[in-house]
Asks: 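Once you've had a glance at the structure underneath, I'll fire off some questions.
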Amino acid sequence: MAHRHRMRVCALLATVVLTVPVGHAAAAPDDEMTQDIETAVLAVDVYWEDHWSEFFTETYVPPTVLGEYDGASADAPTCDGEPLADDNAVYCSTAEDYVAWDTDLMRFGYAYGDAFVYLVVAHEWGHAIQNRLDAELQTVDGELQADCLAGAELEGAAQDGTVVFDSGDVDEVHTALVRDADKTPWTKEGDHGSAAERVDAFTLGQELGVEGCLPDEAAAEGAAALGR
């Protein structure tokens, strides 16, 4: 079995680890994936809870986490009355205000490395952040801004010590953006930008933080944010 590098939440924020009795199988891959998704959600939410006031006015309110769904199911969740797409990840920007991701999409990316689910969660959370900002703080390329915010969120969480990047995790993210381009609705170039553009946007967020993701003419300090 190939070794999989992991972004780990520090002990203070870690989920409870259940002891597996001798002779019992260890956690199944889906169980591990779900734990990583929960870790990613916790990491980005804590980051914004701790740092929102450094960049924006109003009060930080996290989106609802709908979480995993089955886009192939007849009873798939809806956003504004429309069923969520198969093999996709979404932020529903209506009054429903939630983030969600198709389980098969997550499995597809997780097979190549667990960093994929952190990217997906952080990207959709980035859209939720966009929806809380005044228009002057939003960029024309909304998908690339969400990638930038994903980089800022994860790097910020790492600097805070709430998530730990293992060797190879950042490369996994970059590889995922290149490898998966146009393979799923979540990575369609026409919707999200080219693979190179997405890698550049994510890296910009890592290097410059939240302020690097805002339009050049917008002042980050004390910038207006919309309340929800």
Side-chain angles (χ1 to χ4, degrees), residues 34 37-38 40-49 51-53 55-109 116-154 177 180 182 184-193 197-198 201-202 205 210 213-215 218 220 223-228:
T34 298
I37 291 172
E38 291 173 352
V41 167
L42 183 62
V44 295
D45 185 34
V46 168
Y47 171 76
W48 285 113
E49 181 69 34
H51 296 281
W52 178 268
S53 61
F55 308 108
F56 309 117
T57 59
E58 300 298 338
T59 301
Y60 169 65
V61 178
T64 297
V65 180
L66 183 65
E68 294 183 55
Y69 71 90
D70 180 5
S73 172
D75 60 352
T78 62
C79 176
D80 200 24
E82 295 295 324
L84 301 187
D86 196 17
D87 295 330
N88 207 355
V90 299
Y91 166 62
C92 183
S93 61
T94 67
E96 296 165 274
D97 187 40
Y98 68 74
V99 292
W101 30 82
D102 182 87
T103 302
D104 286 342
L105 169 73
M106 292 304 219
R107 287 174 181 160
F108 172 80
F116 179 84
V117 301
Y118 288 81
L119 170 64
V120 173
V121 170
H123 174 92
E124 298 309 330
W125 214 277
H127 281 307
I129 298 303
Q130 286 174 316
N131 198 44
R132 285 151 170 72
L133 304 181
D134 280 345
E136 67 179 13
L137 299 179
Q138 301 175 28
T139 62
V140 175
D141 297 319
E143 294 295 341
L144 295 179
Q145 186 178 38
D147 282 331
C148 184
L149 289 169
E153 292 162 356
L154 293 177
L177 291 173
D180 300 338
D182 281 343
T184 72
W186 190 77
T187 53
K188 289 293 184 184
E189 180 172 331
D191 297 332
H192 289 76
E197 288 172 330
R198 297 195 68 184
F202 183 88
V210 173
C213 303
L214 304 177
L226 302 173
R228 287 197 66 92

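In this chain, residues are counted from 1 in sequence order. Keep in mind that the numbers below use all heavy atoms, side chains included, and drop hydrogens, waters and symmetry copies. Predicted model only: the values in this text are computed from it and were never measured.
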Asks: Mind telling me whether Y60 and W52 have parallel, tilted or perpendicular rings, with 30° and 60° as the class edges?
Replies: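 Ring orientation of W52 relative to Y60: tilted.
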Asks: Which is it for M106 and V121 under the side chain to side chain contact (heavy atoms under 4.5 Å, CB included) test, yes or no, and what are the steps along the way?
Replies: CA-CA 10 Å; M106 292 304 219; V121 170; 4.2 Å; yes
Asks: Verify, without hydrogens or angle tests, whether Q138 (side chain) and L133 (backbone) share a donor-acceptor contact under 3.5 angstrom.
Replies: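 Checked: pair present.
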Asks: Answer with yes or no whether the side chains of H127 and Q145 bring together a donor and an acceptor at under 3.5 Å.
Replies: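 Absent: no donor and acceptor within the cut-off.
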Asks: Would you name the heavy atoms of Y69 and A85 that are closest together and state the gap between them?
Replies: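 Looking at all heavy atoms of both residues, the shortest contact is OH-O, 2.7 Å.
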Asks: Could you list the residues that satisfy side-chain contact (heavy atoms from CB on, under 4.5 Å) with A76, not counting sequence neighbours?
Replies: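 So A76 forms no side-chain contact (heavy atoms from CB on, under 4.5 Å) with any residue.
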Asks: Provide the closest heavy-atom pair for T78 versus E96 in the form atom of the first, atom of the second, distance.
Replies: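 Shortest heavy-atom contact: O-OE2, 3.3 Å.
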Asks: Indicate the atoms forming the closest heavy-atom contact of G71 with D102, along with that distance.
Replies: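 In this case the closest contact between G71 and D102 is N-OD1, 2.7 Å.
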Asks: Set out, in order, the CA-CA distance, both residues' side-chain angles and the distance that settles side chain to side chain contact (heavy atoms under 4.5 Å, CB included) for I129 and W48, then state yes or no.
Replies: CA-CA 9 Å; I129 298 303; W48 285 113; 3.7 Å; yes
Asks: Search all heavy atoms of A72 against all heavy atoms of D86 and return the closest pair with its distance.
Replies: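 Closest approach of A72 to D86: N-OD1, 3.5 Å.
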Asks: Looking only at non-hydrogen atoms, find the nearest pair between A201 and L144 and report the distance.
Replies: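 Here A201 and L144 meet closest at CB-O, 3.4 Å.
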Asks: Quick one: closest heavy-atom pair of L84 and C79, and the distance?
Replies: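 Of all heavy-atom pairs spanning L84 and C79, the closest is CD2-CB, 3.8 Å.
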Asks: So, taking the atom named SG in C148 and the one named CD in E153, what distance separates them when rounded to the nearest 0.5 Å?
Replies: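 Between C148 SG and E153 CD, I get 10.0 Å after rounding to 0.5 Å.
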Asks: Excluding sequence neighbours, so at least two apart, what forms side-chain contact (heavy atoms from CB on, under 4.5 Å) with S73?
Replies: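 Partners of S73 by the side-chain contact (heavy atoms from CB on, under 4.5 Å) criterion, ordered by chain and then number, come out as D70, D75.
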Asks: For the atom pair OG1 (T59) and CZ (R132), what is the distance rounded to the nearest 0.5 Å?
Replies: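 With rounding to 0.5 Å, OG1 (T59) is 12.0 Å from CZ (R132).
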Asks: Could you go through V90 and W101, starting from their C-alpha distance and side-chain angles, then the distance that decides it, and tell me whether this counts as side chain to side chain contact (heavy atoms under 4.5 Å, CB included)?
Replies: CA-CA 6 Å; V90 299; W101 30 82; over 6 Å; no
Asks: Using the side chain to side chain contact (heavy atoms under 4.5 Å, CB included) rule, take R198 and E143 through it: C-alpha gap first, then chi angles, then the decisive distance, then the call.
Replies: CA-CA 8 Å; R198 297 195 68 184; E143 294 295 341; 5.6 Å; no
